[in-house]
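Only one structure is covered here, and it is reproduced in the block below.
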Amino acid sequence: MEPRNMRALMSSSLPDADDAVPEREGMKAFLLVYTRRYGMAKEDAGEKLSKIRHSMAHVMAEAVLQMFPTAQITIGPAIDNGFYYDFDLPRQLVNEDLEEITTRMKAIIAEGKPFVRRVVSRAEAQKQFADQTYKLELLEAIPEDEEVSLYSQGGFTDLCRGPHVESTKELKADAFKLMSIAGAYWRGKETNPMLTRIYGTAWENAKDLRLYLQHLEDVEKRDHRKLGKELDLFSLHEEAGPGLVYWHPMGARIRQAIENFWRSEHYANGYEMVYTPHLGRSWLWETSGHLGFYKEGMYPPMEMDKSDYYVKPMNCPFHIMIYKNSKRSYRDLPFRWAELGTVYRYEKAGAMHGLMRVRGFTQDDAHLFVTPDQMNDEILEVLRFSLHMLQAFGFTEINAYLSTKPEKSVGDPARWADATEALRKAIVAEGLSYEIDEGGGAFYGPKIDLKIKDAIGREWQLSTVQFDFNEPERFDMTFVDKDGVEKRPYMIHRALLGSIERFFGVLIEHYAGAFPPWLSPEQIKVIPVGETFFDYAKELEGRLRKEGFRVSADLGDDRMNAKIRNAQQQKIPYMVIIGEREAQNDQVSVRLRTGKQENGLSTQAFIDMVKQKVESKQQL
RNA sequence: GCCAAAAUAGCUCAGGGGUAGAGCAGCUCACUCGUAAUGAGCAGGUCAAGGGUUCAAUUCCCUUUUUUGGCUCCA
């Protein structure tokens, strides 16, 4: 199986980190901000900008050809926030080259040359690009019935469908910036030559460019890797194995808060918890099909007693073993079995990214085994449950993506149709906006993915609900129906948060490290104004801890101002300042992380206030 | 995996062919301190690992490891 398909297999049956491409998503989000600001329809704004960007790409190509007359030009489209152009160059580029290219681009823009479109014959185009082998290849690929057009500005001509701006006068020399140099395969295929890609961002005017660059800074400030270090939440250790996450005490507190909530919600919604091993004999993975389809995504086997054992990349075969442990009746179904199962997958070295793409992660996995009669209700319920969970974590903007049957697939087409329809009906019933990815399902079943938007508009895929027509067959799963006949149950994989590691990363970025009190690793910091009040601070700390809060008193020899600063930098939501007045009157002076001040509060009133916040899961 | 850049104290970074420096954090001491950094002192590094060039390498070259940004947006 092609690697791409294997990835599809994986990502479908469990919520995978595959869809996390934060930077790109961020750019999309920025476009939305832009359109909102200008009150334009998204398409209009997009079209105008994309003309500017595409034209900017041509200007850049002209500049690069000035510097490297022998350069081979390839393609240069407009993209979400700018443009790129891929070149085959006589030498590697360095960052200083970008400066020269920028200077030349500005000069070209200053010339104010018009963009001229010409429709030409194929022969003429071939003549034009006689020494541009990639262009000739592109030319070949243009269908016979399509016309071939050239765009020129100044001395530069490109094979191009357009459209472009009228003239380089419409481009602003102070509204673009070359961002980076990257390698990119010709036509994105690993077997093709590696080209040099130059990325740039371009906007209508300097102000928009500045806005965009500010947005990038904001993204950087929220980076979970940076905040993870600053707040001492987690670490990764190259020497101990890349892509494997260490949760520090403060990170573990957050994880506990997440997991405790997760478990209680699951029990409240009719799930049972199961625990399964981390390893399975090759028999298990041969039966499930993973060794056939997904071997390259798995850690290599370890041999023991003449058998190969594999660390699990998924939990499903284990849950199936539990199912098959007894003869199952229609009366037993549905089963809803959940597990926070830690799985290990071999991610390519270059693919790893902080917590977002790792080699060991914990899925908030569950498998539903249902009769055909129960399917509709179960799907509706699992979707409702999913939305409920996401909303509890502060994600209110949620979009659904429905992936349907691909050409190559297993399972009865009638079952595919029923399952897909069940998914679609559930989306509609929940009033979600959705897109259909026709043929985008895995070979073994249709699925719904849910993507949330974070605080700065970036989309992240979290939940996934996925039918599986493959494994029940392979494991010959059955239940005895009313009529005494053994039948095949429907099997549904689902994860609500995706992976705990990645979800944690998303939470960190969403809240920029300032978690709502119910998730804050440290909810309250008690800060005495001076050493005289250390005893009282300790007493208050004990009292608050008994109330169930995550609290500590700062009894270091820093001065109060420094203690406040430290607590503030740790983004602790409540700072309780105590001194003479408070100790005398059983009061607290509260400084919120937001800077807001609540002085002279009775201690009990403060406790009630924080409890209310924690229980309601509200942000400060 | 491929292209490129990077790796110096716990963290953030400076430096540079003659075996390293700052700020913060840490440790010690002093300080009766009310809403974002009290002061002084001490300690801290095989300059990622291995190899090469050189009288001399942390600095230049090569390899390896890891990290970062890309590798989907179609003339």
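Every heavy atom of this structure was used, including side-chain atoms; hydrogens, water molecules and symmetry mates were not. Chain letters run A, B, ... following the sequence lines, proteins first and then strands; every chain starts at 1.
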Closest to the A/Tyr84 side chain, choosing from B/rU35, B/rC73, B/rU68: B/rC73
Separation of the P atoms in B/rC29 and B/rG70, to the nearest angstrom: 49 Å
Using a cut-off of strictly less than 4.0 Å, decide whether A/Tyr199 has a side-chain nitrogen or oxygen near OP1 or OP2 of B/rG69. no
So what's B/rC60 paired with, Watson-Crick or G-U wobble, going by both distances under 3.5 Å? B/rG52
Mind checking the P distance from B/rA4 to B/rG39? Whole angstroms is fine. 48 Å
Can you tell me, in whole Å, how much space there is between the P of B/rU63 and that of B/rA5? 12 Å
If we count only N and O atoms by modelled type, under 3.5 Å, do the side chains of A/Glu137 and A/Trp186 hold a donor and an acceptor together? yes
With a 4.0 Å limit, can you tell me whether A/Arg197 has a side-chain N or O closer than that to the phosphate oxygens OP1/OP2 of B/rC2? no
Mind checking whether A/Met179 and A/Leu216 have side chains closer than 4.5 Å, heavy atoms only? yes
Reckon A/Glu580 touches a base, only the sugar-phosphate, or nothing at all at heavy-atom distances under 4.0 Å? base
Within the 4.0 Å heavy-atom criterion, would you say A/Ile577 contacts the bases, only the backbone, or no part of the nucleic acid? base
Need one value for A/Ser589: base, sugar-phosphate or nothing, where a base atom within 4.0 Å counts as base even if backbone is also close, heavy atoms only. base
So, OP1 or OP2 of B/rG69: does either fall under 4.0 Å of a side-chain N or O from A/His353? yes
I need the OH-P distance between A/Tyr85 and B/rC74, as an integer number of Å. 14 Å
Using 30° and 60° as the class boundaries, would you call the ring planes of A/Tyr299 and A/Tyr346 parallel, tilted or perpendicular? perpendicular
If I pick the P atom on B/rU53 and the same atom on B/rC61, what distance separates them, to the nearest angstrom? 15 Å
Which nucleotide, B/rG34, B/rU35, B/rG70, lies nearest any side-chain atom of A/Arg581? B/rG34
By the ring pair (Phe, Tyr, Trp, His ring centres under 6.0 Å) test, which pairs, at least two apart or in different chains, include something from residues 555-591 of chain A? A/Tyr574-A/Phe606
Classify the ring geometry of A/Tyr85 against A/His58: parallel below 30°, tilted from 30° to 60°, perpendicular beyond 60°. perpendicular
Aromatic plane relationship, A/Tyr294 with A/His290 - under 30° parallel, 30 to 60° tilted, over 60° perpendicular: perpendicular
Taking the P atom of each, how far is B/rU38 from B/rU32, in whole Å? 15 Å
P-based separation of B/rU19 from B/rC27 [nearest Å]: 33 Å
Students often get this wrong, so: under 4.0 angstrom with heavy atoms, is A/Met352 touching a base, only sugar-phosphate, or nothing? sugar-phosphate
How does protein contact run along nucleotides 38-43 of chain B, one letter per nucleotide 5' to 3', with B for base contact, S for sugar-phosphate only, - for none, heavy atoms under 4.0 Å? B-----
Testing the 3.5 Å rule here: is there a donor-acceptor pair between the side chains of A/Lys113 and A/Ser167? no
When rounded to whole Å, the CE to P distance for the pair A/Met575 and B/rG34 reads 18 Å
Is it true that a side-chain atom of A/Thr603 and a backbone atom of A/Asp586 form a donor plus acceptor pair closer than 3.5 Å? yes
Distance in angstrom units between A/Phe87 CZ and B/rG70 P, rounded: 19 Å
Which sits closer to the 5' end of RNA chain B, A/Tyr346 or A/Val590, going by the nucleotide each is nearest to? A/Tyr346
Who does B/rA4 pair with, Watson-Crick or G-U, both distances under 3.5 Å? B/rU68
Among the nucleotides B/rG1, B/rC2, B/rU35, which one has an atom lying closest to any side-chain atom of A/Asn599? B/rU35
Any donor-acceptor N/O pair under 3.5 Å between B/rG34 base and A/Glu582 side chain: yes
Which value, in whole Å, describes the distance between the C1' atoms of nucleotides B/rU66 and B/rA14? 23 Å
Scan nucleotides 11-13 of chain B against the protein and return all N/O pairs shorter than 3.5 Å with their distances rounded to 0.1 Å.
residue, atom, partner, partner atom, Å
B/rU12, OP1, A/Lys229, NZ, 3.0

Which whole number of Å gives the distance between the P atom of B/rU64 and that of B/rC2? 9 Å
